[in-house]
Amino acid sequence: MRTARSRTWALLLLLPALAVVLVFFVYPVIALSARSFLEPTPGFGQYVDLVTNETTVTILVRTLVVALLVTVVTLVLAYPYAYLMSLCGPGMRTFLLFLVLLPFWSSLMARTFAWIVLLQPSGIVAGFLGLIGLDGVKLLGSQLGVTIAMTQVLLPFMVLPLFNTMSGIDRRLLSAAHSMGASRFRAFRTVYLPLSVPGVAAGSVLVFILSLGFWVTPRLIGSPQQSLVGQLIETKVGKLLDFPGAGAISVVLLVITIVLLLAVGGGVRALVPGAKTDGGRDDG
């Protein structure tokens, strides 16, 4: 009786959140997707136009490349940082976590405008590049500047899943590998690195998916000549009033996201049997 009553209360508590998701997420996605198949005539005309339009295909490919590049850079930066967090004491770990969460204390718009100041030709970043002999590198209005700014914004989304996974790895396994003659590098490569794969997968998928839909940072730091998908959808909806075309692009991004999640989940389970892609332990 108590179990049934608890489940009933749990369902009642979920209803407000479920209603918000259905009204503000599920319904708009279904409506926009339906318009991509029904307007101006029923069929796959919008998708045929999408794959035959050279400009649209170029923007989609550019978005995928930028998202992949941002994911790789954030992983390279976040992995040693999360590893250090898993090694240090509680005080230092709290400080490092504070540094990771500090960007969330300001709005994305404010951080983007700060990057505009930093990346301009007379900014600090250009000055530093000049000191090491890289004068004339264009940052503002380029994919390089967009990648730098997006990496800074999305870095916490890579660090936190990695740290969650690394904090659950039993370091006695490394000691056991050392006792059997493995060097530090080999023990890390054969023991620690495979165990951290779920965190790598979770962080990479999260950063990649967020990068696909980024709009503010590419819009303000990038250029119209190097638009990403978010800017393309903005143009179709805000200027061309092409809602079916925007819906077709959104459906393509949704399909890419679902395929990516399934592929990464299957790959992680194949590499690490019993592992979870959410960065947590599998206690089952």
Side-chain angles (χ1 to χ4, degrees), residues 24-25 28-29 31-33 35-36 46 49-51 53-74 77 102-126 129 136-158 204-257 260:
F24 295 103
F25 179 74
V29 169
L32 196 59
S33 301
R35 294 186 69 172
S36 70
Q46 293 294 340
D49 292 341
L50 190 153
V51 298
N53 188 310
E54 184 178 350
T55 301
T56 302
V57 173
T58 300
I59 292 175
L60 282 173
V61 172
R62 183 187 299 133
T63 302
L64 291 172
V65 171
V66 171
L68 180 61
L69 182 59
V70 170
T71 302
V72 172
V73 174
T74 53
L77 296 175
L102 185 61
F104 290 118
W105 295 8
S106 60
S107 69
L108 177 60
M109 188 69 72
R111 282 179 281 167
T112 302
F113 278 114
W115 275 112
I116 292 176
V117 175
L118 293 174
L119 296 176
Q120 61 185 340
S122 59
I124 296 176
V125 179
L129 293 177
V137 177
K138 184 180 180 180
L139 297 173
L140 195 62
S142 68
Q143 285 189 24
L144 178 60
V146 171
T147 301
I148 293 173
M150 288 177 61
T151 298
Q152 185 270 329
V153 172
L154 295 175
L155 189 61
F157 295 97
M158 182 70 77
S204 298
V205 169
L206 186 58
V207 170
F208 186 84
I209 292 174
L210 291 174
S211 299
L212 288 178
F214 244 59
W215 175 74
V216 173
T217 302
R219 176 71 172 79
L220 297 179
I221 295 180
S223 65
Q225 293 74 25
Q226 296 180 338
S227 299
L228 300 185
V229 163
Q231 295 158 271
L232 178 61
I233 294 176
E234 174 203 11
T235 300
K236 285 185 173 293
V237 172
K239 297 180 179 180
L240 303 178
L241 299 180
D242 184 11
F243 289 95
I249 298 173
S250 302
V251 170
V252 169
L253 291 180
L254 182 61
V255 170
I256 291 174
T257 300
L260 179 66

query = Where is the tightest heavy-atom contact between Arg111 and Ser106, given as atom of each residue plus distance?
reply = CG-OG, 3.4 Å
task = Would you confirm whether Thr63, through its side chain, and Val229, through its main-chain N or O, come within 3.5 Å as a donor-acceptor pair?
result = yes
ask   = Who are the side-chain hydrogen bond (donor to acceptor under 3.5 Å, both in side chains) partners of Gln231, not counting sequence neighbours?
value = none
task = Would you mind reporting whether Ser204 and Thr71 have side-chain heavy atoms less than 4.5 Å apart?
result = yes
request  = Taking the side chain as every heavy atom from C-beta outward, state whether Phe214 and Val146 have any pair of such atoms under 4.5 Å apart.
outcome  = no
Interatomic distance, Leu206 atom CG to Leu154 atom CG [nearest 0.5 angstrom] = 8.0 Å
query = Which heavy atom in Val207 sits nearest to a heavy atom in Thr74, and how many Å separate them?
reply = CG1-OG1, 3.8 Å
inquiry  = Between Phe25 and Val29, is there a side-chain heavy-atom distance shorter than 4.5 Å?
reply    = yes
Least distance between heavy atoms, Thr55 atom then Asn53 atom = N-OD1, 3.0 Å
key: Distance, nearest 0.5 Å, that separates CG of Leu220 from CD1 of Ile116   = 5.0 Å
query = By side-chain hydrogen bond (donor to acceptor under 3.5 Å, both in side chains), which residues pair with Ser142, not counting sequence neighbours?
reply = none
ask   = What residues, two or more places apart in sequence or in another chain, satisfy side-chain hydrogen bond (donor to acceptor under 3.5 Å, both in side chains) together with Glu234?
value = Trp215, Arg219
ask   = Where is the tightest heavy-atom contact between Val66 and Gln143, given as atom of each residue plus distance?
value = CG2-OE1, 3.8 Å
query = Which residues pass the side chain to side chain contact (heavy atoms under 4.5 Å, CB included) test with Leu64, sequence neighbours left out?
reply = Phe208, Leu212, Ile256
query = Of all residues at least two apart in sequence or in a different chain, which pass the side-chain hydrogen bond (donor to acceptor under 3.5 Å, both in side chains) check with Arg35?
reply = Glu39
inquiry  = Restricting to non-hydrogen atoms, name the atom on Ala149 and the atom on Ile221 that form the minimum distance, rounded to 0.1 Å.
reply    = CB-CD1, 3.4 Å
query = How long is the gap from CG on Leu232 to CG on Leu60, to the nearest 0.5 Å?
reply = 7.0 Å
Which donor-acceptor pairs under 3.5 Å do side chains of residues 238-251 form with protein atoms, sequence neighbours excluded?
from   : atom 1 : to     : atom 2 : distance (Å)
Asp242 : OD1    : Gly245 : N      : 3.0
Asp242 : OD2    : Lys236 : NZ     : 3.4
Ser250 : OG     : Ala246 : O      : 2.9

message = Is any side-chain heavy atom of Pro218 closer than 4.5 Å to one of Met150?
response = yes
